[in-house]
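Worth saying up front: this structure is predicted, and the values here are computed from it rather than measured. In listed order, ligands and their atoms are each counted from 1.
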Amino acid sequence: MKVIEGVVPAPQAKVAIVIARFNSFINESLLSGAVDTLTRQGQVADDNITVVRVPGAVEIPIAAKRLAKSGKYDAIITLGTVIRGGTYHFELVSNECHKGLGHIMLEYDIPIAFGVLTTESIEQAVERAGTKAGNKGTEAALSALEMINVLKAIG
Ligand code: INI
(Lines give C-alpha, C1' and ligand atoms only; values in the text may rest on other atoms or scores of the structure.)
Protein backbone atom coordinates (compact mmCIF):
# COMPACT_ATOMS: atom_id res chain seq x y z
CA MET A 1 0.00 0.00 0.00
CA LYS A 2 1.30 3.44 -0.92
CA VAL A 3 0.11 6.25 1.31
CA ILE A 4 0.71 9.89 0.47
CA GLU A 5 0.33 12.33 3.32
CA GLY A 6 1.74 15.72 4.08
CA VAL A 7 4.13 16.59 6.87
CA VAL A 8 3.91 19.99 8.56
CA PRO A 9 7.32 21.65 8.00
CA ALA A 10 7.51 23.56 4.71
CA PRO A 11 10.63 25.72 5.09
CA GLN A 12 10.70 26.92 1.46
CA ALA A 13 6.99 27.73 1.28
CA LYS A 14 5.59 31.11 0.37
CA VAL A 15 2.27 31.75 2.06
CA ALA A 16 -0.23 34.59 1.71
CA ILE A 17 -2.75 35.40 4.42
CA VAL A 18 -5.90 37.37 3.59
CA ILE A 19 -7.48 38.87 6.70
CA ALA A 20 -10.72 40.84 7.03
CA ARG A 21 -10.88 44.04 9.11
CA PHE A 22 -14.53 43.46 10.09
CA ASN A 23 -14.54 42.00 13.64
CA SER A 24 -10.81 42.77 13.70
CA PHE A 25 -10.47 42.27 17.46
CA ILE A 26 -11.13 38.56 16.84
CA ASN A 27 -9.34 38.30 13.50
CA GLU A 28 -6.07 39.62 14.94
CA SER A 29 -6.00 36.62 17.32
CA LEU A 30 -6.56 34.31 14.36
CA LEU A 31 -3.65 36.02 12.61
CA SER A 32 -1.36 35.56 15.63
CA GLY A 33 -2.22 31.86 15.71
CA ALA A 34 -1.65 31.44 11.98
CA VAL A 35 1.70 33.25 11.90
CA ASP A 36 2.94 31.46 15.03
CA THR A 37 2.08 28.08 13.45
CA LEU A 38 3.62 28.94 10.09
CA THR A 39 6.90 30.10 11.61
CA ARG A 40 7.37 27.74 14.58
CA GLN A 41 5.81 24.53 13.24
CA GLY A 42 6.03 25.12 9.50
CA GLN A 43 9.47 26.75 9.68
CA VAL A 44 8.28 29.26 7.11
CA ALA A 45 10.55 32.32 6.97
CA ASP A 46 8.94 35.57 8.09
CA ASP A 47 9.91 37.15 4.74
CA ASN A 48 7.93 34.45 2.94
CA ILE A 49 4.65 35.40 4.63
CA THR A 50 2.54 38.12 3.00
CA VAL A 51 -0.48 39.57 4.83
CA VAL A 52 -3.25 41.24 2.82
CA ARG A 53 -5.94 43.18 4.67
CA VAL A 54 -9.44 43.59 3.18
CA PRO A 55 -12.62 45.25 4.52
CA GLY A 56 -14.71 42.15 5.26
CA ALA A 57 -15.31 38.49 4.49
CA VAL A 58 -17.09 39.42 1.24
CA GLU A 59 -13.84 40.87 -0.13
CA ILE A 60 -11.65 37.89 0.86
CA PRO A 61 -12.27 35.87 -2.35
CA ILE A 62 -11.28 38.61 -4.81
CA ALA A 63 -8.01 39.26 -2.96
CA ALA A 64 -7.38 35.51 -2.74
CA LYS A 65 -8.05 35.19 -6.47
CA ARG A 66 -5.49 37.87 -7.32
CA LEU A 67 -2.92 36.20 -5.06
CA ALA A 68 -3.64 32.79 -6.58
CA LYS A 69 -3.40 34.20 -10.10
CA SER A 70 0.01 35.76 -9.35
CA GLY A 71 1.51 32.27 -9.05
CA LYS A 72 3.81 33.55 -6.28
CA TYR A 73 2.37 31.53 -3.39
CA ASP A 74 2.19 27.87 -2.39
CA ALA A 75 -0.91 28.36 -0.23
CA ILE A 76 -3.35 31.03 0.89
CA ILE A 77 -4.84 31.28 4.37
CA THR A 78 -8.05 33.24 4.78
CA LEU A 79 -9.05 34.74 8.12
CA GLY A 80 -12.24 36.49 9.15
CA THR A 81 -15.26 36.33 11.41
CA VAL A 82 -18.91 36.36 10.42
CA ILE A 83 -21.27 36.57 13.37
CA ARG A 84 -24.99 35.89 12.95
CA GLY A 85 -27.25 38.89 13.49
CA GLY A 86 -31.00 39.07 13.18
CA THR A 87 -31.05 39.11 9.38
CA TYR A 88 -30.24 37.07 6.30
CA HIS A 89 -26.96 39.00 5.92
CA PHE A 90 -25.02 36.28 7.78
CA GLU A 91 -25.87 33.67 5.14
CA LEU A 92 -25.04 36.02 2.28
CA VAL A 93 -21.63 36.98 3.65
CA SER A 94 -20.53 33.54 4.81
CA ASN A 95 -21.86 31.62 1.79
CA GLU A 96 -20.38 34.02 -0.76
CA CYS A 97 -17.01 33.90 0.94
CA HIS A 98 -16.91 30.11 1.26
CA LYS A 99 -18.23 29.40 -2.24
CA GLY A 100 -15.89 31.93 -3.86
CA LEU A 101 -12.83 30.45 -2.20
CA GLY A 102 -13.78 26.90 -3.21
CA HIS A 103 -13.91 27.93 -6.87
CA ILE A 104 -10.56 29.77 -6.70
CA MET A 105 -8.82 26.84 -5.03
CA LEU A 106 -9.79 24.48 -7.84
CA GLU A 107 -9.40 26.98 -10.69
CA TYR A 108 -5.87 27.99 -9.69
CA ASP A 109 -4.77 24.67 -8.17
CA ILE A 110 -3.63 26.20 -4.89
CA PRO A 111 -4.62 25.22 -1.37
CA ILE A 112 -6.78 27.84 0.33
CA ALA A 113 -7.31 27.27 4.04
CA PHE A 114 -10.67 28.48 5.35
CA GLY A 115 -9.97 30.22 8.65
CA VAL A 116 -13.17 32.23 8.57
CA LEU A 117 -15.25 31.79 11.69
CA THR A 118 -19.01 31.60 11.17
CA THR A 119 -20.64 31.74 14.58
CA GLU A 120 -23.94 32.36 16.28
CA SER A 121 -22.48 34.80 18.80
CA ILE A 122 -19.43 36.87 19.75
CA GLU A 123 -18.80 34.41 22.59
CA GLN A 124 -18.52 31.50 20.15
CA ALA A 125 -16.10 33.53 18.03
CA VAL A 126 -13.92 34.42 21.03
CA GLU A 127 -13.85 30.75 22.06
CA ARG A 128 -12.46 29.82 18.65
CA ALA A 129 -9.87 32.61 18.50
CA GLY A 130 -7.32 31.41 20.99
CA THR A 131 -9.41 30.54 24.04
CA LYS A 132 -11.27 27.40 25.09
CA ALA A 133 -12.12 26.02 21.64
CA GLY A 134 -8.64 26.49 20.17
CA ASN A 135 -7.63 28.89 17.44
CA LYS A 136 -9.09 28.64 13.94
CA GLY A 137 -6.10 30.57 12.56
CA THR A 138 -3.76 27.89 13.88
CA GLU A 139 -5.92 25.14 12.38
CA ALA A 140 -6.01 26.92 9.02
CA ALA A 141 -2.23 27.34 8.99
CA LEU A 142 -1.70 23.65 9.82
CA SER A 143 -4.02 22.63 7.02
CA ALA A 144 -2.22 24.95 4.57
CA LEU A 145 1.18 23.49 5.51
CA GLU A 146 -0.08 19.92 5.21
CA MET A 147 -1.66 20.62 1.82
CA ILE A 148 1.48 22.28 0.46
CA ASN A 149 3.37 19.09 1.25
CA VAL A 150 0.69 16.62 0.18
CA LEU A 151 0.29 18.31 -3.22
CA LYS A 152 4.07 18.36 -3.63
CA ALA A 153 4.17 14.63 -2.83
CA ILE A 154 1.39 13.83 -5.30
CA GLY A 155 3.33 15.81 -7.94
N1 INI B 1 -18.07 41.13 7.16
C2 INI B 1 -17.47 40.22 7.95
O3 INI B 1 -16.29 39.88 7.74
N4 INI B 1 -18.15 39.68 8.99
C5 INI B 1 -19.44 40.02 9.27
O6 INI B 1 -20.01 39.48 10.26
C7 INI B 1 -20.09 40.96 8.44
N8 INI B 1 -21.45 41.35 8.70
O9 INI B 1 -22.08 40.78 9.60
O10 INI B 1 -22.00 42.23 8.06
C11 INI B 1 -19.35 41.52 7.37
N12 INI B 1 -19.92 42.44 6.57
C13 INI B 1 -19.13 43.27 5.68
C14 INI B 1 -18.91 42.61 4.34
O15 INI B 1 -17.96 41.55 4.43
C16 INI B 1 -18.38 43.60 3.30
O17 INI B 1 -17.13 44.10 3.72
C18 INI B 1 -19.33 44.76 3.06
O19 INI B 1 -20.62 44.29 2.76
C20 INI B 1 -18.85 45.66 1.88
O21 INI B 1 -18.78 44.90 0.68
Flag: protein heavy atom within less than 4.0 Å of atom 19 (O) of ligand 1 =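 No; the ligand atom in question lacks any protein heavy-atom contact below 4.0 Å.
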
Closest non-hydrogen protein atom to [atom], residue and atom name please, with distance?
atom                    : result
atom 21 (O) of ligand 1 : Glu59 OE2, 2.5 Å
atom 3 (O) of ligand 1  : Ala57 N, 2.8 Å
atom 14 (C) of ligand 1 : Val58 CG2, 3.7 Å
atom 10 (O) of ligand 1 : His89 CD2, 3.0 Å

Measure Asn23 to ligand 1 on non-hydrogen atoms and call it side chain, backbone, both or neither using the 4.0 Å cut-off.
->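 Within the 4.0 Å criterion, Asn23 contacts ligand 1 through side-chain atoms alone.
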
Rounded distance (nearest 0.5 Å) linking atom CG of Leu67 with atom CD1 of Ile77 =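 Leu67 CG to Ile77 CD1: 12.0 Å, rounded to 0.5 Å.
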
Is Leu142 reachable from Phe114 through a run of I, L, V, M, F, W or Y residues, each pair having side-chain heavy atoms under 4.5 Å apart?
->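 Unlinked, Phe114 and Leu142 end up in two clusters.
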
Check the pair Ile148, Gln12 against side chain to side chain contact (heavy atoms under 4.5 Å, CB included), reporting the backbone distance first and the verdict last.
-> CA-CA 10 Å; Ile148 288 169; Gln12 308 305 325; over 6 Å; no

Under 3.5 Å between some N or O of ligand 1 and some N or O of Ala20?
-> no

Does an N or O from Phe22, backbone or side chain, lie closer than 3.5 Å to an N or O of ligand 1?
->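 No; every N/O pair is 3.5 Å or more apart.
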
Is the number of heavy atoms from other residues, nucleotides or ligands within 6.0 Å of CD1 (Ile62) greater than 12?
->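 No - once you tally the heavy atoms of other residues, nucleotides and ligands closer than 6.0 Å, there are 12 at most.
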
Please report the closest heavy-atom contact between Gly115 and Leu30, naming both atoms and the distance.
-> O-CD1, 3.8 Å

Ligand 1 atoms in contact with Ile83 (distance to a heavy atom under 4.0 Å) =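 That gives atoms 6 (O) of ligand 1.
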
With heavy atoms of Thr81 as the reference, note each atom of ligand 1 found under 4.0 Å away.
-> 2 (C), 3 (O), 4 (N), 5 (C), 6 (O)

Check: Val116 and Val82 side chains under 4.5 Å, non-hydrogen atoms | yes

Got a salt bridge between Lys99 and Glu91, using NZ or NE/NH1/NH2 to carboxylate O under 4.0 Å?
-> no

